[in-house]
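First up is the structure itself, then whatever we jot down about it.
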Amino acid sequence: IYTYDTENSEDKITEVLNNSELKTMDLIIGPAFSNQVPIVSRFAKEYKVNTLIPFTSKVPDIESNPYLFQFNPGPDTELNYLSELLSGKYKKSNIVFADVSGISSLDDGRYNSDELKKDLKRMNRSFSQIELISSEQTDFSKVLKKGENNLVIFNTNKYSNVSPYIKSLSSKATKYDVILYEQYNWRNQTEKMPNSIYISPFISNFNQILVNDFDTKFNQYFGKDVTEDTPRFDLLGYDLTNYFINLISRYGNKYGNKIELTNLSPGIQSHPIFKRTSSDSGFINQQVYLGEDKAQ
């Protein structure tokens with residue numbers, strides 16, 4: 001096992017990749033920073049080294065690089081899953097699109113919102129919309145329905161854009177059944193939120209026996225307690241490393257040809273299902289879960 005501090009610069013990752021041993025690795029894990037990913041991607045393709053990108057959901061050239069493994073599903077995976085929820089679990093809900101003005105077309109939340117509206121129109125499914133220009137002038141009661149489940153979807157994935165309207169929405173939860181569709185990265189906010197749901201590649205209900213065993217060993221080996229972060233990056237590293245070590249032990253470094261046919265035991269926090277979109281593409285994790293948070 002080789003470890004390198006790649007810091008957060010393109011010069012440093014280039015320097016690290018000049019180490020000759022990296023050309024013969026069974027697996028490279030990383031980098032952590034998205035600006036370094038294209039450099040590692042080119043290296044992986046040139047030297048045919050399987051490479052796991054654990055964090056970013058936007059991996060350049062993954063459609064033409066069969067040596068890449070992207071753990072964090074892209075927006076299309078989340079969109080497809082949410083669309084299934086709207087035609088299944090939330091089929092009878094009042095869907096409310098809360099559209100904050102001035103959101104960039106590059107915002108994934110706006111893209112998802114626009115695509116969901118198209119899907120609902122194709123299904124002849126009605127929905128409500130509210131334009132959000134000023135938090136002082138916003139009245140969600142105009143689009144919420146009493147006696148129905150109201151699922152509110154904002155057109156942005158940036159919490160700073162949503163924050164001014166959360167208080168107004170939460171205040172309506174005493175009179176209406178409100179459920180907010182939140183981005184996973186909003187969950188660490190301390191602001192009072194209504195009941196909410198989220199989609200992520202992380203299991204929402206842990207097996208507590210496995211977690212307790214892991215926490216005990218973590219403390220034993222490293223001499224410190226685990227973090228309270230969401231997600232837990234110690235568990236992410238543990239699950240993904242276990243996953244690929246199992247593949248390597250079975251198939252050597254040719255596991256890319258077997259990964260879609262192999263059923264491995266679930267991890268503690270995640271259980272990836274990697275799939276290609278074509279014979280020349282890399283692999284993208286397709287496993288996501290629905291999580292639910294109670295009002296704070």
Q: Could you check if a side-chain atom of Asn212 sits within less than 4.5 angstrom of a side-chain atom of Gln208, using non-hydrogen atoms only?
A: yes

Q) With respect to Gln70, which candidate in Val37, Thr51, Thr56, Val59 satisfies the side-chain contact (heavy atoms from CB on, under 4.5 Å) definition? A) Val59

Q | Any Ile284 side-chain heavy atom under 4.5 Å of Ile62 side chain | A | yes

Q. Which heavy atom in Trp186 sits nearest to a heavy atom in Thr156, and how many Å separate them?
A. CZ2-O, 3.5 Å

**Q.** Verdict with reasoning, Glu63 to Ser278, per side-chain hydrogen bond (donor to acceptor under 3.5 Å, both in side chains)
**A.** CA-CA 8 Å; Glu63 294 299 327; Ser278 71; 5.1 Å; no

Q) With the threshold set at 4.0 Å, does a side-chain nitrogen-carboxylate oxygen contact exist between Asp239 and Arg232? A) no

**Q.** Ionic contact status for Arg110 with Asp114, cut-off 4.0 Å
**A.** yes

Q) What's the verdict on side-chain contact (heavy atoms from CB on, under 4.5 Å) for Asn185 and Asn157, showing C-alpha distance, side-chain angles and the deciding distance? A) CA-CA 8 Å; Asn185 60 11; Asn157 65 358; 5.6 Å; no

Q: Please tell me if the side chains of Val100 and Phe154 come closer than 4.5 Å, counting only heavy atoms from C-beta onward.
A: yes

Q: For side-chain contact (heavy atoms from CB on, under 4.5 Å), just list the numbers for Asp99 and Gln129, CA-CA rounded to whole Å, side-chain angles, deciding distance to a tenth of an Å, and then say yes or no.
A: CA-CA 7 Å; Asp99 295 335; Gln129 291 180 257; 3.2 Å; yes

**Q.** Contacts of Asp177 that satisfy salt bridge (Lys or Arg N to Asp or Glu O under 4.0 Å) - sequence neighbours left out
**A.** none

Q. Looking at the rings of Phe55 and Phe233, which for Trp means the six-membered one, are their centres under 6.0 Å apart?
A. yes

Q | Salt-bridge criterion met for Asp108 and Lys58 (N-O under 4.0 Å) | A | yes

Q.
Can you list everything that forms a salt bridge (Lys or Arg N to Asp or Glu O under 4.0 Å) with Lys91? Sequence neighbours excluded, please.
A. none

Q: Answer with yes or no after comparing the ring centroid distance for Tyr289 and Phe202 against a 6.0 Å cut-off, counting only values under it.
A: no

Q.
Any heavy-atom pair between the side chains of Leu180 and Asn195 that's under 4.5 Å?
A. no

Q. Can you name the nearest heavy-atom pair linking Leu52 to Leu27, along with the distance?
A. N-CD1, 4.0 Å

**Q.** Identified side-chain contact (heavy atoms from CB on, under 4.5 Å) partner of Val152 from the options Asn94, Val96, Ile95, Ile130
**A.** Val96

Q. At what distance, to the nearest 0.5 angstrom, does NZ of Lys172 lie from OG1 of Thr138?
A. 10.5 Å

Q: Kindly assign one of parallel, tilted or perpendicular to the pair Phe69 and Phe274, based on the angle between their ring planes and the thresholds 30° and 60°.
A: perpendicular

(Q) Is the positively charged end of Arg250 above the ring of Tyr255, judged by distance under 6.0 angstrom from the centroid and angle within 45° of the axis? (A) no

Q) When you measure from the side chain of Asp280 to the backbone N and O of Asn65, does any donor-acceptor pair fall under 3.5 Å? A) no

Q. Minimum heavy-atom separation for Pro201 to Ser270, with atom names?
A. O-CB, 3.6 Å

Q) In this structure, are over 12 heavy atoms from other groups packed under 6.0 Å from Asn205 atom CG? A) no

Q. Which distance, rounded to the nearest 0.5 Å, do you find between the CZ of Arg276 and the CG of Leu68?
A. 10.5 Å

(Q) Quiz question: by atom type and distance under 3.5 Å, do the side chains of Asp119 and Ser83 form a donor-acceptor pair? (A) yes

Q) Are Tyr184 and Tyr159 co-members of a hydrophobic cluster defined by side-chain heavy atoms under 4.5 Å apart? A) no

**Q.** Polar contact flag, side-chain donor to acceptor under 3.5 angstrom, Glu292-Tyr198
**A.** no

Q | Ser9 versus Glu7, side-chain donor and acceptor atoms under 3.5 Å | A | no

Q. Is Asp61 reaching over with its side chain to a backbone N or O of Ser64, donor-acceptor style, under 3.5 angstrom?
A. no

Q. Quick one: OG on Ser104 to NZ on Lys158, what's the gap to the nearest 0.5 Å?
A. 7.0 Å

Q. Below 4.5 Å, heavy atoms only, C-beta onward: do Met193 and Asp293 meet side chain to side chain?
A. no

Q. In terms of hydrophobic clustering (I, L, V, M, F, W, Y; side-chain heavy atoms under 4.5 Å; direct or indirect links), are Leu290 and Leu82 co-clustered?
A. yes

Q: To the nearest 0.5 Å, tell me how far Leu86 CG sits from Lys92 NZ.
A: 15.5 Å

(Q) Considering only residues two or more places apart or on different chains, which pairs with a residue in residues 107-138 satisfy ring pair (Phe, Tyr, Trp, His ring centres under 6.0 Å)? (A) Phe97-Phe127

Q. Parallel under 30°, tilted from 30 to 60°, perpendicular over 60°: which one fits the rings of Tyr2 and Tyr4?
A. parallel

Q) Does the side chain of Tyr47 reach to within under 4.5 Å of the side chain of Thr24, using non-hydrogen atoms? A) no

Q) Would a 4.5 Å heavy-atom cut-off, applied to side chains only, mark Lys145 and Asn150 as touching? A) yes

**Q.** Rounded distance [0.5 Å steps], CG in Asn155 versus CD in Glu131
**A.** 8.0 Å

Q) Which pair of heavy atoms, one from Ile28 and one from Phe43, lies closest together, and at what distance? A) CD1-CE2, 4.0 Å

Q | Non-hydrogen atoms of Lys192 and Ile166 that approach each other most closely | A | O-CG2, 3.2 Å

(Q) I need the minimum non-hydrogen distance between Val288 and Thr77, along with the two atoms involved. (A) CG1-CG2, 4.1 Å

**Q.** From Ile179 atom CD1 to Leu169 atom CG, the distance as rounded to the nearest 0.5 Å
**A.** 11.5 Å

Q) With side chains defined as the heavy atoms from C-beta onward, is the minimum distance between Asp234 and Phe222 less than 4.5 Å? A) no

Q) With a 3.5 Å cut-off and no angle check, do the side chains of Tyr251 and Thr262 form a donor-acceptor pair? A) yes

**Q.** Side-chain (Lys167) to main-chain (Ser135) donor-acceptor, under 3.5 angstrom
**A.** no

Q) Same cluster for Phe140 and Tyr90 if Ile/Leu/Val/Met/Phe/Trp/Tyr side chains link at under 4.5 Å? A) no

(Q) If hydrophobic clusters are built from ILVMFWY residues whose side chains come within less than 4.5 Å, do Tyr243 and Phe214 share one? (A) no

Q) With hydrophobic residues grouped by side-chain heavy-atom distances under 4.5 Å, do Phe283 and Leu264 end up in a single group? A) yes

Q: For side-chain contact (heavy atoms from CB on, under 4.5 Å), just list the numbers for Ile53 and Gln36, CA-CA rounded to whole Å, side-chain angles, deciding distance to a tenth of an Å, and then say yes or no.
A: CA-CA 11 Å; Ile53 308 299; Gln36 297 174 328; over 6 Å; no

Q. In this structure, are over 12 heavy atoms from other groups packed under 6.0 Å from Gln220 atom CD?
A. yes

Q.
Please tell me whether Asn80 and Glu84 have a donor and an acceptor in their side chains that are separated by less than 3.5 angstrom.
A. no

Q | Polar contact flag, side-chain donor to acceptor under 3.5 angstrom, Asn285-Asn72 | A | no

Q: Before giving the answer on side-chain contact (heavy atoms from CB on, under 4.5 Å), spell out for Gln269 and Ile203 the whole-Å C-alpha distance, their side-chain angles and the decisive distance to 0.1 Å.
A: CA-CA 5 Å; Gln269 183 180 248; Ile203 299 168; 5.7 Å; no

Q: Give the intermediate values and the outcome of side-chain hydrogen bond (donor to acceptor under 3.5 Å, both in side chains) for residues Ser163 and Glu191.
A: CA-CA 8 Å; Ser163 179; Glu191 193 169 2; 3.0 Å; yes

